[in-house]
Structure formats: structure tokens, C-alpha cells
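Notes follow once the structure below has been shown.
The analysis underlying the following values was restricted to heavy atoms, covering all of them including side chains, and did not include hydrogens, waters or symmetry mates. Below, chain A is the first sequence line, B the second, and so on; all start at residue 1.
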Amino acid sequence: MGAWAIAVHGGAGVDPNLPKERQDEAKRLLTRCLDIGISALRSNVPAIDVVELVVRELETDPLFNSGRGSALTEKGTVEMEASIMDGPKRRCGAVSGLTTVKNPISLARLVMEKSPHSYLTTPGAEEFAKKQGVEMVDNDYFITEDNVGMLKLAKEANSILFDYRIPTVGTCGAAVDSHLQMNGLPISVYAPETVGCVVVDKEGRCAAGTSTGGLMNKMSGRIGDSPIIGAGTYACELCGVSCTGEGEAIIRSTLARDVAAVMEYKGLNLHEAVDYVIKNRLDEGKAGLIAVSKNGEVACGFNTTGMFRGCATEGGFMEVGVW
Amino acid sequence: MGWAIAVHGGAGDIPLSLPPEKRLPREAGLRRCLDVGIAALKAHNHPLDVVELVRELENNPHFNAGKGSVLTTSGTVEMEACIMDGKTMKCGAVSGVSTVVNAISLARLVMDKTPHIYLAFDGAEAFAREQGLETVEMSHFITPENIERLKQAQEADRVQLDYTQPIQKEVPKDAALADGDSQIGTVGCVAVDNEGNLATATSTGGIVNKMVGRIGDTPIIGAGTYANHLCAVSATGRGEAIIRGTIARDVAAVMEFKGLSLKEAAAYVIDQVPRGNAGLVAVSSTGEVAMPFNTTGMFRACATEDGYSEIAIWDSPTK
């Protein structure tokens with residue numbers, strides 16, 4: 001029999017100037033979520049249930065960019081997306097464009113289990129949610145003051161950067177201390193903070209889930225990597241993977257699938273696969289990921305400045321980190 | 001080396017008894033799209049421009065894309081499309097498009113004119129208008145045959161609509177008209193020019209009687225559509241199976257990591273999918289073509305610079 005392992009993340013790409021209190025807050029949340037997952041694993045809860053449980057916790061807490069606390073669209077509203085995948089039969093469920101569903105990851109799970117499809121987006125997703133009787137709230141519930149402020153900064157930054165592809169090194173003075181950028185925004189504003197969880201249980205079953213509000217100031221209707229199976233989320237017999245960072249980069253590099261593909265077709269182990277993919281698949285893209293293997297290993301990799309993450313194994317290893 | 005192009009008009013349970021009046025217009029449609037693509041390649045057009053010619057199949061009501069798209073459970077049309085450039089890995093995708101005449105062109109604009117890859121529903125429609133793309137009433141896309149197919153599918157209740165019961169994701173049979181004429185799959189085109197630049201495009205109306213908002217494999221990079229420096233792939237069949245199998249991405253991954261040729265890789269990947277669920281067309285940077293399928297048939301056509309060309313529906317799978 002195998003050993004369990006779990007990892008959680010709260011986003012890759014951290015402002016090097018992030019105040020210590022905020023870093024500590026993040027670490028506390030990650031620790032709490034890990035503990036919830038560990039406790040469930042010790043009670044033999046299957047991987048897919050643990051993933052859902054933990055991601056729900058991350059969505060409910062306003063700290064990271066998912067559920068409550070989601071980044072805002074250019075219209076100042078919230079549009080959430082999520083996906084979940086169960087390794088054994090590679091069953092999957094995804095949702096996007098959600099505006100009133102309290103826990104997107106749970107709706108993604110329902111799409112997987114209670115619909116004939118794999119992916120539903122608004123308006124169909126919300127109709128499905130109503131029929132399933134999931135908890136629904138007003139869009140306001142998800143909006144935090146912090147993010148209203150961030151949206152304003154993002155709009156100001158974008159109005160200076162006419163073409164988001166043009167680097168602003170040395171030219172943009174919009175209260176940017178670091179010239180680091182992701183997705184065309186200064187890192188102080190970007191803060192991707194997508195959340196995710198990957199788990200392998202004692203039976204060696206892997207599962208993965210990812211949830212997000214998406215890119216700050218995104219066009220309404222823009223879909224990122226989080227609900228895209230193979231991009232932001234993937235799980236199969238071998239492993240479970242959840243990614244975070246520049247959505248477009250993750251999509252075009254099919255990041256989550258590539259970790260598994262490299263294990264499957266190249267025979268790499270989990271750590272080698274994660275390193276390989278981060279090093280070779282991202283080009284100029286900035287992203288990070290967490291992964292578990294059916295053998296109870298856990299790994300994370302990122303080419304960004306930091307990634308909020310935590311991981312633990314049955315053998316007693318536990319770590320929560322930002323840098 | 002040399003250019004190559006392949007197009008498909010959907011893989012599925014195409015009955016061998018398909019009457020000529022249903023078969024001939026589709027073969028003609030494939031031939032026309034192929035010819036237009038060949039001319040573009042000979043004129044040294046960029047592969048992205050070549051694959052965007054899948055527009056021809058969108059405009060043809062005999063295929064499940066654009067005009068002739070199958071209907072959602074509400075009787076509406078929700079089209080999706082995706083395009084990818086193998087050299088730059090740039091891509092564009094749209095879903096939930098109901099008024100844009102050519103969804104593939106909208107996907108291309110998302111790729112070229114926005115910092116994003118994927119736009120859906122209202123966001124996609126608003127962007128289309130902003131860009132001045134041709135839009136029409138949704139009724140333009142709806143054909144009497146598809147109204148009939150929806151009716152039959154709903155009567156047969158193939159797609160389970162009672163969501164309170166757990167289901168095994170029992171995939172519905174292709175809703176076919178009484179004479180066996182099903183509107184299956186998707187349309188797609190892959191092309192490589194004689195410098196090895198690759199591109200792929202896929203477009204579809206989805207599956208008959210789908211839930212409103214259902215997204216299939218077509219706009220999912222790595223599932224229905226994928227291109228990199230090795231090959232360009234466009235898949236068709238059961239969306240849910242293609243997503244789970246990350247079909248398009250896997251062809252390239254198997255070539256790269258297992259060192260298989262395009263034909264071997266394409267056959268390998270299709271073999272991994274449960275029978276009756278998928279087909280694909282693919283070209284490699286060296287001008288090879290592969291068109292494997294594990295369904296009864298797949299509407300397809302291809303041509304290479306050395307003069308080879310083919311149009312087929314059935315025949316031996318895993319070609």
C-alpha cells in the first residue's frame with residue numbers, strides 16, 4: 001500500500017516587496033488548509049474528496065484569488081473558473097464565468113459527476129448550479145475592498161502600457177517598486193494567487209483541483225488556464241498537477257499534462273518531470289505548479305519570484321513557503 | 001520536406017449506407033476546402049491563413065460548424081473554434097458564439113488582437129462587434145435537418161437530462177436522422193508550408209442536444225487542437241473523451257518523447273481512446289500526413305506537395 005501526500009498553492013508570482021504580515025497571513029492559511037487535508041487523508045478520505053475539501057477552504061477565505069477575494073474583471077465584477085480531475089479514470093469537470101456560485105470547485109465536481117459533459121460555462125453553468133441546488137450568493141459577496149483598489153491600479157498601469165507586451169523597465173513610474181511584470185502588469189498589482197490542491201491517497205489515487213478569479217482587469221468572458229484540463233489541472237494514474245501563473249503561458253504549454261506526459265513517455269520521475277517542464281516548457285512565460293505522484297511523492301516548481309505553497313507527506317515531511 | 005494539408009469534416013458513426021445525396025455534397029465540400037488550401041500553400045501563404053480557410057467548411061451547411069451547426073437543448077447555436085500557430089505557439093479560442101458568421105476568424109482575432117487566448121459567450125460576441133466581424137441573426141446557422149436531429153435526440157433522450165441521478169457519463173449516440181445521416185464532429189484543417197511552419201484550426205457546433213454552456217474539446221488547447229514545431233493536429237469525435245485523453249497534445253508528445261513518426265504517434269494516440277470515440281488529422285514539419293480514426297468513418301481529405309491527394313470517408317482506420 002502506498003503513502004499519502006498533499007500539496008496546496010495560493011499562486012505563483014509574488015511581489016518581492018510583499019509586507020511580512022501578508023506573507024505570514026498566507027502561510028497561516030496554507031497551513032490550515034494542509035491540516036484539513038492531512039486530517040482527511042488520515043481518515044482515509046479519497047483523494048478527490050480531499051482536493052475538493054481543501055480547495056473549498058481556499059475559495060472561502062478571501063486572502064487568495066479564488067471564490068471570495070477573486071480578482072476583478074475590467075467591469076469590476078467577478079467571474080470565477082475552476083476544474084477538478086480524478087486520476088484513476090481521468091474523469092474531469094470544469095466551470096467558468098461563474099458569478100454567483102459560492103464554491104466553484106464543487107460545481108466543477110458536480111459537472112464531472114452529475115452531467116454528461118466535462119465543462120460548462122456561463123450561462124449554462126449557473127443554470128446547472130441552480131438545478132443542483134448549490135449555494136449561490138450575490139456577485140458582491142466575492143468582491144473585496146483590496147481587489148477594488150487593485151483593479152484601479154491595474155487600469156492605471158495599463159493606460160500607461162499601451163501595448164501590454166512592452167516592458168516598462170525604467171519607464172513606468174506608477175508606484176512600482178519592482179520592475180517585475182507578469183501578464184503585462186507590474187507584480188505589485190498582478191498577484192495571480194490562483195489556488196490549487198493535489199493529493200495522492202493511501203490507495204495511490206491521484207487527484208487535482210484548481211480555482212481562480214482569473215486575471216485582474218481581464219476582458220469579460222476571458223477564460224484562463226484554470227478550467228482547461230491539461231493546462232491548469234491534470235490527473236491520471238501517475239500523478240496529479242495544479243498550475244498557477246500566467247494563464248496564457250500555461251495554456252500554450254499544456255503545463256499540467258506535460259508533467260504527466262514526460263513521466264509517461266520519457267520515464268522521468270515526479271521531481272525530474274516537474275523540473276523539466278518548468279525549465280523547458282515555459283519560454284518567457286512565468287508559472288509554477290504543485291504535483292504528487294502515485295508513489296506518495298510531492299514536488300513543486302516555479303520560475304517566478306516565489307509561489308505560495310505548502311506540502312506534506314505521510315512520512316512526516318511538511319513545509320509551507322513563499323520563496 | 002514540402003507542404004502538406006489535411007482537412008476533416010468529423011469522425012463518427014457514419015453509416016456505410018449513407019445515400020449519395022448526403023455523401024456527395026460533403027465530399028464536394030472537402031474537395032473545395034482542400035483546393036482552396038492547396039492554392040494558398042502554392043502561393044506561399046502563411047499556414048495560419050491556410051488553416052483559417054476552414055471557413056469554407058463553416059459556411060457549408062453539410063458540416064457541423066458555422067451554418068449547419070447542431071443545436072443545444074434550447075434549440076440555439078453555440079459555436080466554438082480554435083486556432084494555433086506551431087512556430088510561435090500562439091493560439092486563440094472562442095466558445096458560445098451565436099451570431100458570428102465565421103467563428104474561426106474570431107478565434108484568430110483573439111489570438112492576434114488581445115492579450116488573451118480564450119473568450120466565451122458575451123465576451124466573445126462583444127469582442128466580435130468591436131472588431132467589426134460579420135455577424136448575423138442566429139437563425140442563419142440553423143438548418144431544418146438540425147431542428148429534426150434535435151427533436152429526435154430529445155425524444156430518444158439520449159443525453160440524460162435528469163441531473164439528480166449520478167451517471168457513468170454514458171456518451172450519447174450521434175443523433176442521426178431516420179436515414180442514418182448524422183451531423184457529427186467538427187471541421188478542422190492542419191497545414192505545413194515548405195519551410196516546416198505548422199498551423200491548425202478546428203471549428204464546431206458541438207453535440208446535438210448539449211446543455212447550454214457546454215464546452216467540448218475544440219477550444220481546449222491540447223485536446224481538440226494543438227500545434228508546435230513538430231506537428232499540427234485537429235481532432236474530432238466525443239469531446240469528453242478527447243479532453244480526458246489530451247489527444248492533440250499527445251500526438252506531439254509521443255513524437256518528441258518516444259521518437260515515433262507522425263503516423264505512428266497519431267495511430268498510437270487514437271488507439272488509446274475507447275473505440276468509436278475519436279479521429280484526427282495531423283501534419284508534421286517534414287510534410288507527412290496522418291488521418292487515423294477509431295470510429296466507423298471520418299470525412300477527410302489531404303494533399304501533399306509531391307502530388308498525392310485523397311478524399312475519403314471510410315476505409316481502414318489508423319491510416
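- Atom CG of A:Asn280 has more than 12 neighbouring heavy atoms from other residues, nucleotides or ligands inside a 6.0 Å radius.
- Your options are B:Ala93, B:Gly123, B:Gly213, and the one with the most heavy-atom pairs under 4.5 Å with chain A is B:Gly213.
- Between the OG atom in A:Ser118 and the CZ atom in B:Arg238 there is a gap of 12.5 Å [rounded to 0.5 Å].
- Looking at A:Arg252, both its backbone and its side chain come within 4.5 Å of chain B, counting heavy atoms on both sides.
- Taking each heavy atom of A:Thr254 and B:Tyr226 in turn, the nearest pair found is CG2-CE1, 4.1 Å.
- Considering only heavy atoms from C-beta on, B:Ile207 comes within 4.5 Å of A:His117 through its side chain.
- Of all heavy-atom pairs spanning A:Leu120 and B:Arg214, the tightest one is CD2-CA, 3.5 Å.
- Per-residue counts of heavy-atom pairs under 4.5 Å with chain B were compared for A:Ile228, A:Val262, A:Asp258, A:Ile229; the largest is that of A:Asp258.
- Interface check for chain A: of the options B:Lys258, B:Arg249, B:Met84, B:Glu125, the most heavy-atom pairs under 4.5 Å are formed by B:Arg249.
- The candidate from A:Ser220, A:Gly124, A:Ala94 with the greatest count of non-hydrogen atom pairs under 4.5 Å with chain B is A:Gly124.
- At a threshold of 4.5 Å between non-hydrogen side-chain atoms, the residues A:Pro116 and B:Lys210 do not count as touching.
- Taken to the nearest 0.5 Å, the CZ atom of B:Phe121 stands 8.5 Å off from the CD1 atom of A:Ile223.
- Within 6.0 Å of the CD atom in A:Glu135, the count of heavy atoms belonging to other residues, nucleotides or ligands does not exceed 12.
- Note that CD of A:Glu248 is 11.5 Å distant from NZ of B:Lys90, once rounded to the nearest 0.5 Å.
- Side-chain contact between B:Thr114 and A:Arg222 is absent, with no heavy-atom pair separated by less than 4.5 Å.
- Rounded to the nearest 0.5 angstrom, B:Arg244 CZ and A:Met112 CE are separated by 10.0 Å.
- By the side chain to side chain contact (heavy atoms under 4.5 Å, CB included) test, B:Ala232 is found to be paired with B:Val190, B:Leu198, B:Thr200, B:Ala227, B:Val283, residues two or more places apart in sequence or in another chain being considered.
- Of the two parts of B:Ala120, the backbone and the side chain both hold a non-hydrogen atom closer than 4.5 Å to a non-hydrogen atom of chain A.
- Contact between B:Gly245 and A:Arg90 at its shortest, heavy atoms only, is CA-NH1, 3.6 Å.
- Not a single side-chain hydrogen bond (donor to acceptor under 3.5 Å, both in side chains) links A:Tyr276 to another residue, sequence neighbours left out.
- Considering CD of A:Glu264 and CG of B:Asp250, their distance stands at 6.5 Å, rounded to 0.5 Å.
- Contact count versus chain A (heavy atoms, under 4.5 Å) is highest, among B:Thr246, B:Asp217, B:Ile215, B:Ile243, for B:Ile215.
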